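Order of listing sets the numbers, starting from 1, for every ligand and every atom in it. On a predicted model such as this, the values are computed, not experimentally measured, just so you know.
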Amino acid sequence: MASVKSLLPFLIVLPGYVNAWGSLGHTTVAYLAQNLVCDKTAKFAQQLLNDSSPAYLANVATWADSYRNEPGGGFSSVYHYIDALDNPPESCNIDYERDCPEEGCIVSAIANYSSRAFEKNIGIIEQQKALKWVIHFVGDIHQPLHVENIAVGGNLINVTFYGAKTNLHSIWDTAIPQKAVGNFSQTNALSWANNLTAEIKHGQYMKESRTWLKRIDAKEAVESSLVWARDANKYVCSTVLPNGPDAVFDQELSGAYYEAAIPVVKKQIAKAGYRLAAWLDAIVEAAEKHEHPY
Ligand SMILES: *[C@@H]1O[C@H](CO)[C@@H](O)[C@H](O)[C@H]1NC(C)=O
Ligand SMILES: *[C@@H]1O[C@H](CO)[C@@H](O)[C@H](O)[C@H]1NC(C)=O
Ligand SMILES: *[C@@H]1O[C@H](CO)[C@@H](O)[C@H](O)[C@H]1NC(C)=O
Ligand SMILES: *[C@@H]1O[C@H](CO)[C@@H](O)[C@H](O)[C@H]1NC(C)=O
Ligand SMILES: *[C@@H]1O[C@H](CO)[C@@H](O)[C@H](O)[C@H]1NC(C)=O
Ligand SMILES: [Zn+2]
């Protein structure tokens, strides 16, 4: 079998390949953020999205994954990830200059849309899209394989999971979370979000969640989202590919691999929702003080 790494030079661009946390992950992140945002932020989002239902963020959490496949939406595909050209498992890191190309990446997109959500001159439709992208991308940036280049973010690493043929990227997006907490429905996502909210407020994440907002600054959107990207990228070395790609290629990952992955998946979803809430609060506050760079 050819090593996965040896195939890489020939696999530079495969648009549309990389997916995203599945509906369960994204919807849970959005519900978690709803639980934590301040009233002013909730009001802003409900008004802009024209949705005052109890799912006003959850309802738009996966819009970005459909939009990129629509005619005219293809440009946004590259915004769902950053291809860190690091060297897992020996070394993991993100270098913005090296890894974010001119056409953009998830870090530049979070910065761009975090200010466009407040730019009245672009029109309500564009403002709505901007907010929907921020909600989605803050989720994606917490999925370790969305902040990693190797084998197209793991899409080319074939694996099986409970006998089903799939790939490493896909099981991190969808199969691992669903095996752990159940299949997707809004009800189940809300249940998971409420459980994670409790873990953050007075459970297993209470202490460490105080460190999750380090260096968040609405005026420094690139720097802020790079903190999140680097945080997630570290798990590529520790948990996603601890023994390199060849060690998991064509392997069944439902046993020890899954057991090691699940606490990371849960924590990353918890961080994403917590940080999304804080980020939305921060950019709403900054817009009120006219601090956005436009
Ligand atoms: C807002 O939503 C209501 C109810 O769904 C709909 O009737 C109305 O046209 C929407 N307004 C805008 C500006 O999208
Ligand atoms: C910001 O978003 C707009 C609208 O999607 C896009 O046309 C523009 O290229 C983006 N700018 C950057 C720097 O990503
Ligand atoms: C991985 O799986 C896909 C889909 O089943 C298959 O087309 C491809 O050849 C496999 N890749 C390798 C390197 O075996
Ligand atoms: C989840 O969906 C899969 C595939 O559709 C199905 O086989 C499984 O029984 C479902 N699990 C639950 C707990 O409903
Ligand atoms: C949330 O916690 C409750 C009580 O422990 C549990 O029954 C439920 O399955 C959990 N929901 C999810 C989606 O994990
Ligand atoms: Zn995505």
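- No side-chain N or O of His142 forms a donor-acceptor pair with one of Asp231 less than 3.5 Å apart.
- By the neighbour-count criterion of 12 heavy atoms within 6.0 Å, atom CG of Asn121 is densely surrounded, having more than that number from other residues, nucleotides or ligands.
- Taking the six-membered ring where the residue is Trp, Tyr79 and Phe75 present perpendicular rings, their angle passing 60° and hence far from 30°.
- Residue contact check: Phe75 has heavy atoms under 4.0 Å from atoms 5 (O) of ligand 2.
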Inset, instruction - List the steps and the verdict of side-chain contact (heavy atoms from CB on, under 4.5 Å) for Asn188 and Trp192. - result: CA-CA 6 Å; Asn188 198 38; Trp192 192 15; 5.8 Å; no
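- Taking the six-membered ring where the residue is Trp, Tyr274 and Trp212 present perpendicular rings, their angle passing 60° and hence far from 30°.
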Inset, instruction - Begin with the C-alpha distance, continue with both residues' side-chain angles, and end with the deciding distance and a verdict on side-chain hydrogen bond (donor to acceptor under 3.5 Å, both in side chains) for Asp86 and Ser91. - result: CA-CA 6 Å; Asp86 53 359; Ser91 75; over 6 Å; no
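- Here is the list of ligand 3 atoms found below 4.0 Å of a heavy atom in Phe249: 12 (C), 13 (C), 14 (O).
- For Tyr113, a nitrogen or oxygen atom sits less than 3.5 Å from a nitrogen or oxygen atom of ligand 2, counting backbone and side chain alike.
- Checked by distance only, ligand 2 and Asn112 come closer than 3.5 Å through their nitrogen or oxygen atoms.
- Between Tyr113 and Phe137, the ring-plane angle classifies as tilted under the 30° and 60° cut-offs.
- Proximity of Lys129 to ligand 2, defined as any heavy-atom pair under 4.0 Å, is not found for any part of the residue.
- Judged by a 6.0 Å distance limit and a 45° cone about the ring axis, Lys267 is not positioned over the six-membered ring of Tyr205.
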Please tabulate, one line per pair, the protein nitrogen or oxygen atoms found under 3.5 angstrom from a nitrogen or oxygen of ligand 4, with distances to 0.1 Å, or say none if there are no such pairs.
{"from": "ligand 4", "atom 1": "2 (O)", "to": "Asn183", "atom 2": "OD1", "distance (Å)": "3.4"}
{"from": "ligand 4", "atom 1": "2 (O)", "to": "Asn183", "atom 2": "ND2", "distance (Å)": "2.2"}
{"from": "ligand 4", "atom 1": "11 (N)", "to": "Asn183", "atom 2": "ND2", "distance (Å)": "3.1"}

